[in-house]
Amino acid sequence: GAVLDRDHLARMTFGDHNLERDVLQLFDRQAELLLGRMRVCEPAAVVTLAHTLKGSAVGIGAGRVACAAESAELVASRAPLECSRAIDLLAQAVNEARAHIAAILRTH
């Protein structure tokens, strides 16, 4: 699927470009923060952080991030030793989404 579902985002922000920009900036900062925390905390905490990120990703229509976050959430709870690999994959999805967001914000 698309990195970012722009139609979903437009519905969530009622077509308000200022709100869309705020929501994207918020997600951008939150994703960076949560990912940073995931890299240094215990798998049990990764479960919670990944769940939070999944919710935010669903909210803005970042499907790939949502899927990767869900995967990290499951791996952290079921196979803690594989946690860092799942976080790496999540980081790839987040970086892709953040690059996409940066491009959108430049055009706003």
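Values reported hereafter were calculated over all heavy atoms of this structure, with side chains retained and with hydrogens, waters and symmetry mates removed.
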Euclidean distance, Arg78 CZ relative to Cys83 SG, rounded to 0.5 Å =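 Going from the SG atom of Cys83 to the CZ atom of Arg78 covers 13.5 Å.
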Enter the distance from Asp22:CG to His17:NE2 here, rounded to the nearest 0.5 Å.
->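 That separation rounds to 13.0 Å.
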Exercise: identify the closest heavy-atom pair between [X] and [Y]:
| X | Y | result |
| --- | --- | --- |
| Pro43 | Ala76 | O-CB, 3.5 Å |
| Val94 | Ala31 | CG1-CB, 3.8 Å |
| Asp16 | Asn18 | OD1-N, 2.9 Å |
| Phe27 | Ala62 | CZ-CB, 4.5 Å |
| Ala69 | Leu90 | N-CD1, 3.5 Å |

Judged by atom type as modelled, is there a donor-acceptor pair below 3.5 Å linking the side chain of [X] to the main-chain atoms of [Y]?
| X | Y | result |
| --- | --- | --- |
| His51 | Glu70 | no |
| Thr13 | Leu9 | yes |
| Asn95 | Ala91 | yes |
| His8 | Val58 | yes |

Would you call Leu49 and Cys41 a side-chain contact if the rule is heavy atoms closer than 4.5 Å?
->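 When only atoms from C-beta onward are counted, Cys41 and Leu49 do touch, with a gap below 4.5 Å.
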For Arg85, does the CZ atom have more than 12 heavy-atom neighbours from other residues, nucleotides or ligands under 6.0 Å away?
->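 Atom CZ in Arg85 is not crowded, with 12 or fewer foreign heavy atoms closer than 6.0 Å.
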Member of Met38, Glu82, Gln92 meeting the side-chain contact (heavy atoms from CB on, under 4.5 Å) criterion with Ile87 |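 Among Met38, Glu82, Gln92, the one that satisfies the side-chain contact (heavy atoms from CB on, under 4.5 Å) with Ile87 is Met38.
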So Arg64 and Asp5, salt bridge (Lys or Arg N to Asp or Glu O under 4.0 Å) or not? Walk me through it.
-> CA-CA 10 Å; Arg64 291 181 199 173; Asp5 180 344; over 6 Å; no
Where do Arg39 and Asp88 land on the side-chain contact (heavy atoms from CB on, under 4.5 Å) test, with the steps shown first?
-> CA-CA 9 Å; Arg39 291 200 182 283; Asp88 286 342; 3.0 Å; yes
[X] and [Y]: same hydrophobic cluster, using ILVMFWY side-chain contacts below 4.5 Å?
| X | Y | value |
| --- | --- | --- |
| Val23 | Val65 | yes |
| Leu24 | Phe14 | yes |
| Val75 | Val47 | no |

Salt bridge check: are Arg6 and Glu20 linked by an N-O gap of less than 4.0 Å?
->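 Result for this pair is yes, salt bridge flagged.
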Is any side-chain N of the basic residue among Arg21 and Asp28 closer than 4.0 Å to the acidic one's carboxylate O?
->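 Asp28 and Arg21: not salt-bridged.
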Where do Ile101 and Ile60 land on the side-chain contact (heavy atoms from CB on, under 4.5 Å) test, with the steps shown first?
-> CA-CA 11 Å; Ile101 287 167; Ile60 67 158; 4.3 Å; yes
What do the steps show when you test Leu4 against Ile104 for side-chain contact (heavy atoms from CB on, under 4.5 Å), and what is the final call?
-> CA-CA 10 Å; Leu4 209 57; Ile104 293 170; 3.4 Å; yes
